[in-house]
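Data first, discussion second: the structure below is written as structure tokens.
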Amino acid sequence: YPETDVPSIELNKELLSKIKLPELIDVKSLRYQKDFSLAKDLADKISRSEHFKFFENSIKKSKNLKPSFVAEILVSYTPELLRNHPGSDPLRITEEHLLEIFEALDKEEIAKESVLPILVDISKSGVLDLSKYKTLSDGELEKILKDLVDKNKGLPINTLIGKAMSELRGKAQGQKIVEIIKKLVK
């Protein structure tokens, strides 16, 4: 039964050609696997996630972030918070918070290990404070590691690295710690 109160729209090829259909989820997942080297499982999750546009924009802006790390954070932080952090509310975490965290990570101002604790803080307070999670400067890091090596002379390099990693978790990138210790031990 045609609606009499609303004028009819005549469809023609020109009008139909202007309609842009959204990308299918399966096609998007395959594109993520190809373009961002995501594993199939992770590509499927992020392409079905409400964060897929944010994921793409974050990766485009980033120079140093691995797409797999960003995707994993975006698809896993809500279940992680609900399961393991009583009193947290993932709805307090906004895309602006995530963007600020990813920008700080990209600039190496915070370590990857700090992301979950930062998200826990936001989910409990609603406030983003990156100052507690800032990484050490190269000079500060080198001084701390030099002291650690001097105090533990004779220990194997892997033991020194293990001690440093546990002591400096979230305060420095692991790769940087390993490089400096190798340089100091030689």
Listed pairs under 3.5 Å, donor-acceptor, residues 45-55 side chains, sequence neighbours left out:
from : atom 1 : to  : atom 2 : distance (Å)
S47  : OG     : A43 : O      : 2.9
S47  : OG     : D44 : O      : 3.0
S49  : OG     : H51 : N      : 2.9

Listed partners of E140 passing side-chain hydrogen bond (donor to acceptor under 3.5 Å, both in side chains), at least two apart: S137

Results of side-chain hydrogen bond (donor to acceptor under 3.5 Å, both in side chains) for D41 - residues two or more places apart only: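 side-chain hydrogen bond (donor to acceptor under 3.5 Å, both in side chains) list for D41, sorted by chain: empty.
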
Heavy-atom check, side chain of K176 versus side chain of E108, under 4.5 Å: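 They are in side-chain contact.
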
Electrostatic pair K183:E142 at N-O distance under 4.0 angstrom: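 E142 and K183: salt-bridged.
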
Residue pairs passing the side chain to side chain donor-acceptor pair (under 3.5 Å) test where at least one lies in residues 57-71, sequence neighbours excluded: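 For residues 57-71, and leaving out neighbouring residues, the side chain to side chain donor-acceptor pair (under 3.5 Å) pairs sorted by first residue read S62-D106.
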
Run the salt bridge (charged side-chain N to carboxylate O under 4.0 Å, His left out) test against [X] and tell me which residues pass, sequence neighbours left out.
X: K146; answer: D150
X: E80; answer: none
X: E23; answer: R31
X: K132; answer: D121

Other cluster members, L24 - Ile/Leu/Val/Met/Phe/Trp/Tyr, side-chain contacts below 4.5 Å: V27

Nonpolar side-chain network containing L30, other nodes, edges under 4.5 Å: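 Besides L30, the cluster holds no residue at all.
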
Donor-acceptor contacts, no H, no angles, side chain residues 157-167, under 3.5 Å, sequence neighbours left out:
from : atom 1 : to   : atom 2 : distance (Å)
S166 : OG     : G162 : O      : 3.4
S166 : OG     : K163 : O      : 3.0

Between side-chain atoms of residues 15-22 and protein atoms elsewhere (two or more places apart, or another chain), which donor-acceptor pairs fall under 3.5 Å?
from : atom 1 : to  : atom 2 : distance (Å)
S17  : OG     : K13 : O      : 3.4
S17  : OG     : E14 : O      : 2.7

